[in-house]
Amino acid sequence: MTQAETAALAPHLPVVATTIDDVRRRLETLAGDVAGAATDARPRVALVPTMGALHEGHLALVDRAAELADIVVVSVFVNPLQFTDPADLERYPRDLDADLATLAGHGADLVFAPDVTEIYPRGDTATRVTAGKVGGLFEGRSRPGHFDGVLTVVAKLLNIVGPQFVLFGEKDAQQVFLVRRMIADLNLPVAVEEVETVRDDDGLALSSRNRFLDARERRAAVTLPHVLEAAVSASDRGIDAVLAAAQSAAMGEQLVAMDYLAVVHPDTFLPVDDDYTGPARAIVAARVGDTRLIDNAPLYLGR
Ligand code: PAF
């Protein structure tokens with residue numbers, strides 16, 4: 001029995017589609033079911049794009065999607081286009097059965113889990129969405145082309161599923177900024193919903209990459225939320241105080257190699273000027289052992 005057949009037999013699990021034709025067909029069927037049960041016209045569809053390795057952070061997106069829409073689609077696709085390091089792509093966790101079990105009871109109706117050849121049938125796709133200047137900063141500086149890959153696959157998934165809502169986690173702040181801008185620039189008819197970061201008890205943001213941390217690294221990783229807490233507590237004293245406080249919180253943990261620490265403007269995702277006051281976002285990335293982690297926090301810069 002195939003995975004899709006097994007999932008279809010178990011009502012508590014979402015249906016799995018692996019091809020574009022199948023996902024569109026199943027969406028039509030689901031829309032027919034919803035329209036048959038309700039009086040108002042077109043059922044609303046929400047898409048939660050993921051690369052699998054699902055955790056509570058993803059479930060918060062799925063739960064919010066179920067509040068917003070009649071039909072919730074979760075895509076599970078490890079997108080090779082956004083990986084710059086082949087070893088990172090290779091080791092990225094892939095376990096669809098575990099992902100389906102995680103989703104059980106969380107309101108996902110359909111899981112779209114295509115093969116690479118379904119999404120990129122001609123191999124290296126010639127047509128790509130480019131993320132521009134901001135795409136080359138921060139995450140994009142250490143992973144050139146990463147955001148072009150993210151935007152290209154998100155555009156494809158939006159075209160395949162045709163949702164009214166698409167949901168992303170606040171943890172990937174630069175990704176959310178760039179997706180919002182793509183949607184505005186390309187006039188895509190979809191609303192972006194951003195969901196607050198889910199954290200472990202000690203403050204570490206949940207991430208599929210946390211599973212790569214050994215016990216010592218996991219303890220050291222809490223440096224990232226500590227850096228952000230220091231930044232937020234100094235925010236009423238201006239940008240220099242914020243950066244100084246954050247830098248001193250980052251020091252002294254041998255297993256943590258800071259990559260960047262910056263405070264960006266919410267409208268441009270560029271570092272704020274020295275005399276800026278107003279809403280901003282502190283962003284941080286660090287390597288903990290071999291694992292690269294990111295995090296961010298909103299703050300209000302005073303003087
Ligand atoms: O955030 C992710 O998991 C990925 O970048 C996304 C949005 C699913 C695109 O592959």
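Reckoned from all heavy atoms, side chains included, excluding hydrogens, waters and symmetry mates. As the structure lists them, so they are numbered: ligands from 1, and atoms in each ligand from 1.
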- How does Val179 reach ligand 1, if at all, at less than 4.0 Å between non-hydrogen atoms: by side chain, backbone, both, or neither? neither
- Of all the atoms in ligand 1, which lie at a distance below 4.0 Å from a heavy atom belonging to Val153? 9 (C), 10 (O)
- Query: Which value, rounded to the nearest 0.5 Å, describes the distance between Phe177 atom CZ and Met182 atom CE?
  - Reply: 13.0 Å
- Hydrophobic cluster partners of Val222 (side-chain heavy atoms under 4.5 Å): none
- Query: Is any side-chain N of the basic residue among Arg25 and Asp21 closer than 4.0 Å to the acidic one's carboxylate O?
  - Reply: no
- Write down the atom of Leu270, the atom of Val134, and the distance for their closest heavy-atom approach. CD2-CG2, 4.2 Å
- Hey, does the Lys NZ or Arg CZ of Arg44 hover above the aromatic six-ring of Phe165, less than 6.0 Å from the centre and inside 45° of the axis? no
- Task: Working to the nearest 0.5 Å, report the span between CZ of Phe77 and OH of Tyr120.
- Result: 5.0 Å
- Query: Which protein non-hydrogen atom lies closest to atom 10 (O) of ligand 1, naming both residue and atom, and how far is it?
  - Reply: Gln82 OE1, 2.6 Å
- Query: Which residue owns the protein heavy atom closest to atom 1 (O) of ligand 1, what's the atom, and how far is it?
  - Reply: Gln175 NE2, 2.8 Å
- Protein heavy atom at shortest distance from atom 3 (O) of ligand 1: Met51 CG, 3.6 Å
- N/O separation below 3.5 Å, Asn79 to ligand 1: no
- Message: Could you tell me, atom by atom, which parts of ligand 1 come under 4.0 Å of a heavy atom of Thr50?
- Response: 8 (C)
- Task: Please determine which of Lys171, Arg281, Arg199 meets the salt bridge (Lys or Arg N to Asp or Glu O under 4.0 Å) test together with Asp295.
- Result: Arg199
- Item | Atom indices of ligand 1 within 4.0 angstrom of Phe168 heavy atoms, with elements | 7 (C)
- Item | Contacting atoms of ligand 1, where contact means under 4.0 angstrom from a heavy atom of Pro49 | 8 (C)
